[in-house]
2 protein chains.
Amino acid sequence: MTTKEIKHVPEPVLRRLPRYLQILTRLKEEGIKEVSSTRIADELRLDSTQVRKDIEFTGIIGKPKTGFLVPQLIHAIESFLNWDNVTDAFLVGAGSLGTAILGYPGFNNYGINIIAAFDSNPEKAGGTIRNIPIFHIDKLPDLSHRMHVHIGIITVPAAAANEVATMMIDGGIKAIWNFAPVQLRVPKEIIVENVLLHASLSVLTRKLGQSIQDQK
Amino acid sequence: MTTKEIKHVPEPVLRRLPRYLQILTRLKEEGIKEVSSTRIADELRLDSTQVRKDIEFTGIIGKPKTGFLVPQLIHAIESFLNWDNVTDAFLVGAGSLGTAILGYPGFNNYGINIIAAFDSNPEKAGGTIRNIPIFHIDKLPDLSHRMHVHIGIITVPAAAANEVATMMIDGGIKAIWNFAPVQLRVPKEIIVENVLLHASLSVLTRKLGQSIQDQK
DNA sequence: TTTTAATCGAGAAAAATATATCGAGAAATT
DNA sequence: AATTTCTCGATATATTTTTCTCGATTAAAA
């Protein structure tokens, strides 16, 4: 068979690759040409075998004794994650969190380019943040279709999230980056990636509670 | 042995519990008194056995045919996560993301209470957000010790994150909620919970890239 | 040139996590 | 009262993810 089998990539792998990239970028700036899996693993407190197996997914092969070529590995990871070219995105919910995301220029390094924002508050429409225009939410379906936008970012309150998700999907959006602490009910062909801050805090507060209790 | 054995709780469990809580809170508002694991599982697209096992960690036992008592389960989860009383927290980095977090009142429902913020920019010192005062970063060590703060939130750029973490630890902070996309080098008794937005985006952009390629 | 040290990658093993099976109990229905 | 339906929780199984072992390879040091 000639077609390359696209093996399924576990999510934990996808979550570690950007962390490798962060280290690699720093090493490149320092002028370091080669890096071993051991070094990456030590910096991130991981197992070196795990790092090697993760890298294997990107198709890069290393060399004994010296490891991997830094620039080559950077390119491979970026390409693997589709970070070598940005995908346009819409953001809905220009509240404090939405504004913060709009104001952060770094996401262009992570494969997305926010080209417009939307809000239900008419007073916010017409404004811009970092040259990104803010429209009234009513404009979303039409603009989304016309501009062929594939990624939607939800930063509205939980109560409004599902309604926004439906609008996005009607507008042709295929992947949703959801910050609302609620389950989105969407067709299963829609990709949903949640950022659940409460779920992150639960880990922190539980562990802290336990560690304080253990001291007693 | 009389001392109750504190079983280790897997992180995936801790991350699901707040999601159950979200549903339970909604059900309670709707006046629903009982809920089955099946119902929770269906809403979150999980397995009902998994939901039951997760709930088991909180110590609550259900009843055949009817399931679990909503208010009792809410209380048990909140107590389990230490969300029945808030822990004071400091935030460092009053940029756009830091400001967004300061501006969001909801974290008090998730076990933390931000009582002060810090920034290296002297112009920001003296201001307040939602009545939370902003100080210059130099004040952190002293205030942290005096107020016995245990949680630190890092919302500074990656390059400054480790320096801030060290200051926090010197100030007696035991748990760090880190939003900087960088590995914190801290003693292992310090609890670190990362919110890595790039790691979340990598999952989204990779899946989207694959789904587009699969269509061809 | 020989030896040593560091690394990769294949495969095996272990650990963690998720899912399936099923008997028993409780409520509703017949 | 008997039957049906729904659910729990104990146990077993399956799957996923991580870690360990080890021979082969490369570069540097002796």
Side-chain angles (χ1 to χ4, degrees), chain A residues 5-20 23-24 27 32-70 72-73 76-77 80 183 188 199 202-203 206-207, chain B residues 5-20 23-24 27 32-70 72-73 76-77 80 183 188 199 202-203 206-207:
Chain A
E5 199 63 42
I6 306 154
K7 219 208 290 178
H8 169 254
V9 186
E11 275 201 24
V13 175
L14 295 177
R15 292 184 194 281
R16 281 189 298 265
L17 288 174
R19 303 175 65 195
Y20 304 163
I23 290 175
L24 293 165
L27 292 176
I32 292 167
K33 298 277 187 288
E34 295 168 327
V35 66
S36 69
S37 63
T38 316
R39 173 153 186 192
I40 296 175
D42 287 350
E43 288 212 25
L44 297 176
R45 295 187 180 176
L46 300 173
D47 184 274
S48 71
T49 309
Q50 184 171 61
V51 174
R52 282 199 296 280
K53 287 199 192 288
D54 288 351
I55 289 174
E56 205 178 350
F57 279 101
T58 70
I60 295 294
I61 57 170
K63 199 156 68 163
K65 184 77 177 183
T66 55
F68 301 88
L69 298 174
V70 172
Q72 186 188 34
L73 193 47
I77 293 177
F80 190 75
Q183 176 73 19
K188 58 184 172 312
S202 67
V203 177
R206 167 74 195 185
K207 286 184 179 173
Chain B
E5 199 63 41
I6 305 153
K7 219 209 285 179
H8 169 255
V9 185
E11 274 200 24
V13 175
L14 294 177
R15 291 185 195 279
R16 282 189 296 266
L17 288 175
R19 303 175 66 197
Y20 303 163
I23 290 175
L24 293 165
L27 291 177
I32 292 167
K33 298 276 186 291
E34 296 169 326
V35 66
S36 70
S37 62
T38 316
R39 172 151 188 192
I40 295 174
D42 287 349
E43 289 212 25
L44 297 176
R45 295 186 180 179
L46 299 174
D47 185 275
S48 70
T49 308
Q50 184 171 61
V51 174
R52 283 199 295 279
K53 287 198 192 289
D54 289 350
I55 290 173
E56 205 177 350
F57 279 102
T58 69
I60 295 294
I61 57 170
K63 199 156 68 161
K65 185 74 179 183
T66 54
F68 302 89
L69 298 174
V70 171
Q72 186 189 32
L73 193 46
I77 293 177
F80 189 74
Q183 177 72 19
K188 59 185 172 312
S202 66
V203 177
R206 166 74 194 182
K207 286 185 180 173

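Quick note: numbers below take in every heavy atom, side chains included, and nothing from hydrogens, waters or symmetry partners. Note on naming: letters A, B, ... go to the chains in the order of the sequence lines (proteins, then strands), and numbering restarts at 1 for each one.
At a cut-off of 3.5 angstrom, counting only N and O atoms as typed in the model, there is a donor on one side and an acceptor on the other between the side-chain of B:K53 and the base of D:dT11. Residue-to-nucleotide contacts include no donor-acceptor pair under 3.5 Å from the side chain of A:K63 to the base of C:dT7. A donor-acceptor contact under 3.5 angstrom links the side-chain atoms of A:K65 to the base of C:dA5.
Counting heavy atoms of neighbouring residues, nucleotides and ligands inside a 6.0 Å radius, atom CD1 of A:I61 does not exceed 12 of them.
Distances were taken from every side-chain heavy atom of B:Q50 (C-beta onward) to each of C:dA18, D:dT17, C:dC8; the shortest belongs to C:dA18. Proximity note for A:P64 (side chain, C-beta onward) versus D:dT19, D:dC8, C:dT7: the nearest is C:dT7. Among the nucleotides D:dA27, C:dA18, D:dG9, the one closest to the side chain of A:T66 is D:dA27. Candidate nucleotides C:dT19, D:dG9, D:dT25 were compared by shortest atom distance to the side chain of B:I61, and D:dG9 ranks first.
Rounded to a whole Å, the CZ atom of B:F57 is 12 Å from the C1' atom of C:dA18. Rounded to an integer number of Å, the gap from CZ of B:F68 to C1' of D:dC8 is 7 Å. Between the P atom of D:dT19 and the CD atom of A:E56 lies a distance of 17 Å, rounded to the nearest Å. The distance between atom CZ of B:R15 and atom P of C:dT17, rounded to the nearest whole Å, is 11 Å. At whole-Å resolution of the value, CD in A:E34 and P in D:dA27 are 9 Å apart.
Under the 4.5 Å side-chain criterion, counting only non-hydrogen atoms from C-beta, A:S202 is not in contact with B:F80. Looking at heavy atoms from C-beta onward, A:R52 lies out of side-chain contact with A:I55 at the 4.5 angstrom threshold. Side-chain contact between B:V203 and A:R15: present, with at least one pair of heavy atoms (C-beta onward) separated by less than 4.5 Å.
Distances shown here put a side-chain N or O of A:S36 below 4.0 Å from the OP1 or OP2 atom of C:dT7. For D:dT18, neither phosphate oxygen OP1 nor OP2 lies less than 4.0 angstrom from any side-chain nitrogen or oxygen of A:R45. At the phosphate of D:dC8, OP1 or OP2 sits under 4.0 Å from a side-chain N or O atom of B:S37. Under 4.0 angstrom from either OP1 or OP2 of C:dG9 there lies no side-chain N or O belonging to A:R52.
Note on B:L46: nothing from the nucleic acid sits closer than 4.0 angstrom, heavy atoms only. When heavy atoms are screened at a 4.0 angstrom cut-off, A:T49 is found touching base atoms of the nucleic acid. When heavy atoms are screened at a 4.0 angstrom cut-off, B:R39 is found touching no nucleic acid atom at all.
Contact between B:P18 and A:A199 at its shortest, heavy atoms only, is CG-CA, 3.8 Å.
DNA chain D is contacted by both A:D47 and B:S48; B:S48 maps to the nucleotide lying nearer its 5′ end (nearest heavy atom per residue).
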